[in-house]
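Reading through the structure tokens given below for one structure.
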2 protein chains.
Amino acid sequence: MTRTTRVDEALPLNTVLAGDCIEVMNGLPAGSVDLIFADPPYNLQLKNQLHRPDNSRVDAVDDAWDQFSSFEAYDAFTRAWLAAAKRLLKPGGAIWVIGSYHNVFRLGAELQNQGYWILNDVVWRKSNPMPNFRGKRFTNAHETLIWASVGEGAKYTFNYEALKALNEGIQMRSDWVIPICNGHERLKDDQGDKAHPTQKPEALLHRVLVGTTNPGDVVLDPFFGTGTTGAVAKMLGRDFIGIEREEAYRKVAEKRLAKVRRFDREALTVSAGKRQEPRVPFGQLVERGLLSPGEMLQSPRGKIAKIRADGTLVSENVKGSIHQVGAALEGAPSCNGWTYWSFKREGKSVPIDVLRQQIRSEMHD
Amino acid sequence: MTRTTRVDEALPLNTVLAGDCIEVMNGLPAGSVDLIFADPPYNLQLKNQLHRPDNSRVDAVDDAWDQFSSFEAYDAFTRAWLAAAKRLLKPGGAIWVIGSYHNVFRLGAELQNQGYWILNDVVWRKSNPMPNFRGKRFTNAHETLIWASVGEGAKYTFNYEALKALNEGIQMRSDWVIPICNGHERLKDDQGDKAHPTQKPEALLHRVLVGTTNPGDVVLDPFFGTGTTGAVAKMLGRDFIGIEREEAYRKVAEKRLAKVRRFDREALTVSAGKRQEPRVPFGQLVERGLLSPGEMLQSPRGKIAKIRADGTLVSENVKGSIHQVGAALEGAPSCNGWTYWSFKREGKSVPIDVLRQQIRSEMHD
DNA sequence: ACAGATCATGAATCCATCT
DNA sequence: AAGATGGATTCATGATCTG
């Protein structure tokens with residue numbers, strides 16, 4: 001009696017494979033994977049040490065695996081692993097990659113070059129990013145994910161209703177607010193140091209897997225690290241394949257995975273909740289043209305102040321925020337500028353708080 | 001009598017130039033522009049208009065090749081205009097480009113290939129995006145901007161304090177929440193249809209220009225469209241140069257620009273940081289008798305140091321500047337001596353920075 | 001035990017000027 | 001041109017310490 005070997009039987013499901021991800025992927029059967037989630041090295045190109053204003057040293061990502069000699073070398077690496085990944089994907093499969101401005105443009109361009117079809121780019125907006133300590137750039141407060149199918153017109157999985165439910169009944173957008181991974185979720189080594197420099201939050205993988213896979217799907221992560229993809233896949237009833245070169249990371253991942261129980265959502269409910277009125281900087285009223293630089297504001301007792309282009313006020317040699325100038329004019333220790341200042345419209349005096357409410361109502365859309 | 005032609009005299013400031021932006025840029029003097037803001041098109045009719053880098057024509061072939069050749073043609077276009085832009089920038093200049101996932105990865109990769117140095121990628125998070133009607137993808141709720149200097153280590157303008165003020169005292173992040181351009185701000189043509197398909201909100205340009213230019217700077221926009229960059233530049237007291245190929249857009253832009261008024265000078269003044277303050281050597285406090293040689297200074301943790309006649313300190317076998325001695329006593333890599341040391345007056349401990357402020361205020365007289 | 005203060009830390013391409 | 005020096009610069013969160 002003949003027997004057809006099913007592809008899945010050859011797959012090392014729910015294990016962590018050792019070795020270089022390109023070689024390992026090339027040894028797996030083609031067309032056998034539903035989703036690939038890849039968090040490749042970012043090629044950060046850090047040169048000097050950085051200290052916080054309190055003189056403590058920032059623990060930088062200086063690992064050897066993040067070093068490349070040039071963009072050409074990084075591109076060659078990217079080309080190779082993306083090609084190996086494409087071979088593994090089923091016709092209805094898809095890929096997610098994550099990166100920062102150091103590498104994500106090269107990732108995206110190479111995805112397109114290889115015929116992957118980009119479905120969305122998604123922004124992970126970190127609610128608690130590391131600040132810019134020297135005040136030389138914008139706070140690097142996000143990372144970018146790219147979601148792509150295997151080609152133009154290819155099928156792919158998208159669980160629209162599930163994502164809508166995750167988002168309190170509103171269609172899920174391309175920007176996701178999720179805290180960085182720290183606290184009890186952050187894995188530590190025996191010395192109490194972080195086990196991996198760039199562990200991703202489970203909430204991020206939860207949204208990816210709920211949204212773009214089905215239970216029973218095979219999810220492969222070629223840069224497995226400490227196994228966040230595997231842990232969330234296991235919780236959600238998906239099969240995973242991890243590939244990781246570093247033995248230390250594999251060990252941490254295996255220990256972690258052994259503890260994970262399917263449908264254990266404890267860690268995942270954390271990211272929900274906490275809705276408060278969004279903070280509206282006064283400067284936004286100026287940027288949006290609701291108030292103009294040069295326009296005058298009035299205090300309850302008739303004092304006036306001029307608005308500047310950066311959203312600060314000037315009055316009687318006092319400069320600063322709406323709160324600071326209000327406090328200075330009143331000789332008070334503090335002042336709520338939102339209720340203190342008014343502007344003129346059609347002869348009437350209108351509190352600036354009205355404009356804040358207008359912006360807030362737009363934000364809820 | 002000989003006369004040196006200043007570069008600025010050749011610049012067509014505050015006008016909208018007609019023509020292909022690459023040709024027009026190549027006709028302007030090198031090193032004459034402080035900032036370029038570019039919103040390049042990505043829905044080009046590539047096949048008949050563009051050439052490969054070697055000037056061979058791009059022909060339509062089968063679908064797969066067509067896909068690849070289209071990217072190649074787009075890359076050639078990107079390469080050409082980014083190179084022309086780089087030539088125009090001053091050594092301390094910078095560029096902003098904006099795009100969506102269709103083109104931004106190719107823009108970013110080519111910026112890096114040409115030696116531009118990416119400073120941040122910034123996400124414009126739209127507070128009121130168009131929903132995804134078919135429910136097949138995430139709501140496309142953002143676009144990406146890339147901010148880059150002309151090269152690694154190059155100087156660039158960043159008004160940190162002004163941006164912080166715009167954000168109510170918290171340093172500005174890389175994700176900006178700004179509504180899309182509609183309502184009163186959205187320009188209409190004679191038929192009442194939108195005059196341009198992708199008009200950018202003035203709030204976006206306001207933040208870009210307040211944050212990364214100074215009054216009087218020259219801002220060039222090679223894809224001027226209906227002139228948002230020019231309008232905001234004019235309001236903010238920056239000079240602009242617009243380039244636009246389509247006559248219809250130029251007409252709308254010129255009509256729009258004629259109506260824009262510049263804000264008054266005081267309103268354009270923006271919060272500046274301590275880096276702008278003149279440097280005061282510590283020795284001046286001794287020379288002027290505000291502190292005396294032999295007098296003792298105290299650190300926050302009670303250590304003491306003696307002032308010498310040349311403005312250096314001695315403490316526990318350490319000699320040197322206020323900064324060097326402070327750093328040595330704390331075992332820190334660096335130390336701001338101005339905020340570290342205090343002296344005694346009438347039994348009270350007074351930070352020496354108070355004396356620096358006194359000297360600075362005298363300098364203003 | 002509990003509240004409040006203090007400390008530690010996270011994918012970071014993080015200085016300007018003078019000698 | 002390279003090296004030395006002055007001195008400016010941080011937000012959110014969880015853990016640990018203090019009273």
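Basis for what follows: all heavy atoms, side chains included, without hydrogens, waters or symmetry-related copies. Given the structure is predicted, the values throughout are model-derived calculations rather than measurements. Letters A, B, ... mirror the listed sequences (proteins, then strands); counts begin at 1.
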Query raised in the report: To the nearest Å, how far apart are Lys164(B) NZ and dT9(D) P?
Result: 8 Å
Query - Arg134(A) or Gly183(A), whichever maps to the more 5' nucleotide of DNA chain D - result: Arg134(A)
Query raised in the report: What distance, rounded to whole Å, do you find between the two C1' atoms, one in dC14(C) and one in dG7(D)?
Result: 15 Å
Query raised in the report: Taking any atom under 4.0 angstrom from a heavy atom of chain A, which nucleotides of DNA chain C are the first and last to qualify, 5' to 3'?
Result: dT9(C) to dA16(C)
Report summary line: Looking only at dG14(D), dA8(D), dA12(D), the nucleotide nearest the Arg275(B) side chain is dA8(D)
Report task. Please report, rounded to the nearest Å, how far the P atom of dG14(D) is from the CD atom of Glu185(A). Result -> 11 Å
Report task. Would you mind classifying the nucleic acid contact of Pro201(A) as base, sugar-phosphate or nothing, using non-hydrogen atoms under 4.0 angstrom? Result -> nothing
Query raised in the report: His184(A) has an atom NE2; how far is it from atom P of dG14(D), in whole Å?
Result: 10 Å
Query raised in the report: Base, sugar-phosphate, or nothing for Phe282(B), non-hydrogen atoms under 4.0 angstrom?
Result: nothing
Query raised in the report: Does dG7(D) have OP1 or OP2 sitting under 4.0 Å from an N or O in the side chain of Ser334(B)?
Result: no
Report task. Under 4.0 Å between any heavy atoms, over every strand shown, what does Arg356(B) touch: base, sugar-phosphate, or nothing? Just pick one. Result -> sugar-phosphate
Query raised in the report: Roughly how far, to the nearest 0.5 Å, is CZ of Arg360(B) from NZ of Lys274(B)?
Result: 8.5 Å
Query raised in the report: Starting at CG of Leu187(A) and ending at C1' of dG14(D), how long is that distance when rounded to a whole Å?
Result: 16 Å
Report task. Quick one: label Thr198(A) by what it contacts on the DNA or RNA (base, sugar-phosphate, nothing), any heavy atom closer than 4.0 Å. Result -> base
Query raised in the report: On a whole-Å scale, what distance lies between the C1' atoms belonging to dA1(C) and dG19(D)?
Result: 12 Å
Requested in this report: May I ask you to say what Pro281(B) touches in the nucleic acid, namely base, sugar-phosphate or nothing, with a heavy-atom cut-off under 4.0 Å?
Outcome: nothing
Query raised in the report: Once you round it to whole Å, what is the distance between C1' of dC11(D) and CG of Leu50(A)?
Result: 14 Å
**Report entry** Rounded distance in Å - CZ (Arg52(A)) to C1' (dT10(D))
**Finding:** 9 Å
**Report entry** Rounded distance in Å between the C1' positions of dA11(C) and dC7(C)
**Finding:** 23 Å
Report task. Give the dot-bracket string for DNA chain D, reading 5' to 3', where a pair is Watson-Crick or G-U wobble with both distances under 3.5 Å, ( ) marks pairs inside the strand, [ ] marks pairs crossing earlier ones, | marks a partner on another strand, and . marks unpaired. Result -> .|||||....|||||||||
Query raised in the report: Between Trp65(A) and Tyr249(A), what is the ring plane arrangement, given parallel below 30°, perpendicular above 60°, and tilted in between?
Result: perpendicular
Query raised in the report: Are any of His323(B)'s side-chain N or O atoms less than 4.0 Å away from OP1 or OP2 of dG6(D)?
Result: no
Query raised in the report: When you check the phosphate oxygens OP1 and OP2 of dA8(D), does a side-chain N or O of Asn336(B) lie under 4.0 Å from one of them?
Result: yes
Query raised in the report: Can you check the Asn132(A) CG to dC11(D) C1' distance for me, whole Å?
Result: 12 Å
Report task. Identify whether any heavy atom of Ser321(B) sits under 4.0 Å from a base atom; if not, whether one sits that close to sugar-phosphate; answer base, sugar-phosphate or nothing. Result -> sugar-phosphate
Query raised in the report: With a non-hydrogen cut-off below 4.0 angstrom, is Lys47(A) in contact with a base, only sugar-phosphate, or nothing?
Result: nothing
Query raised in the report: Among Val122(A), Val123(A), Thr144(A), which one satisfies side-chain contact (heavy atoms from CB on, under 4.5 Å) with His142(B)?
Result: Val123(A)
Query raised in the report: When all nucleic acid strands are considered with a 4.0 Å heavy-atom cut-off, which category describes Asp39(A): base, sugar-phosphate, or nothing?
Result: base
Query raised in the report: When you compare dT13(C) with dT17(C), how far apart are their P atoms, in angstrom units rounded to a whole number?
Result: 22 Å
Requested in this report: Using a strict cut-off of less than 4.0 Å between a Lys/Arg side-chain nitrogen and an Asp/Glu carboxylate oxygen, indicate whether Glu244(A) and Arg250(A) qualify as a salt bridge.
Outcome: no
Query raised in the report: With under 30° as parallel and over 60° as perpendicular, where do the rings of Phe77(A) and Phe68(A) fit, or are they tilted in between?
Result: tilted
Requested in this report: By nearest nucleotide on DNA chain C, pick out whichever of Ile118(B) and Lys188(A) is the more 5' one.
Outcome: Lys188(A)
Query raised in the report: So what does Val280(B) hit on the nucleic acid, given a heavy-atom distance under 4.0 Å: a base, only sugar-phosphate, or nothing?
Result: sugar-phosphate
Query raised in the report: If you find the nucleotide of DNA chain D closest to Thr139(A) and the one closest to Asn182(A), which residue's nucleotide is nearer the 5' end?
Result: Thr139(A)
Report task. For Thr212(B) and Trp96(B), test the side chains for any donor-to-acceptor distance below 3.5 angstrom and give the result as yes or no. Result -> yes
**Report entry** Polar side chain donor-acceptor pair, His323(A) to Ser321(A), under 3.5 angstrom
**Finding:** no
Query raised in the report: With a 3.5 Å cut-off and no angle check, do the side chains of Arg256(A) and Thr228(A) form a donor-acceptor pair?
Result: yes
**Report entry** Donor-acceptor pair, side chain of Asp66(A) and main chain of Asn43(A), under 3.5 angstrom
**Finding:** yes
Report task. With heavy atoms under 4.0 Å as the rule, sort Asp59(A) into base, sugar-phosphate or nothing. Result -> sugar-phosphate
Query raised in the report: Going by a 90° cut-off around 0, is dT13(C) syn or anti?
Result: syn
**Report entry** Between P of dG6(D) and CD of Gln276(B), the distance in whole Å
**Finding:** 21 Å
Query raised in the report: What heavy-atom pair brings Pro281(B) and Trp338(B) nearest, and what distance separates the two atoms?
Result: C-CZ2, 4.2 Å
Query raised in the report: When all nucleic acid strands are considered with a 4.0 Å heavy-atom cut-off, which category describes Leu119(B): base, sugar-phosphate, or nothing?
Result: nothing
Report task. For Cys335(B), report the nucleic acid contact type (base, sugar-phosphate, nothing); a contact means any heavy atom under 4.0 Å. Result -> base
Query raised in the report: Is the side chain of Thr312(A) donor-acceptor paired with the backbone N or O of Arg308(A) at a distance under 3.5 Å, no angle test?
Result: no
Query raised in the report: Base, sugar-phosphate alone, or nothing: which one does Glu143(A) contact when heavy atoms must sit under 4.0 Å apart?
Result: base
Report task. Classify the side-chain pair Ser174(B)/Asn120(B) by whether it contains a donor and acceptor separated by less than 3.5 Å. Result -> no
Report task. Between Pro129(A) and Tyr101(A), just flag the one whose closest nucleotide in DNA chain C comes earlier from the 5' side. Result -> Pro129(A)
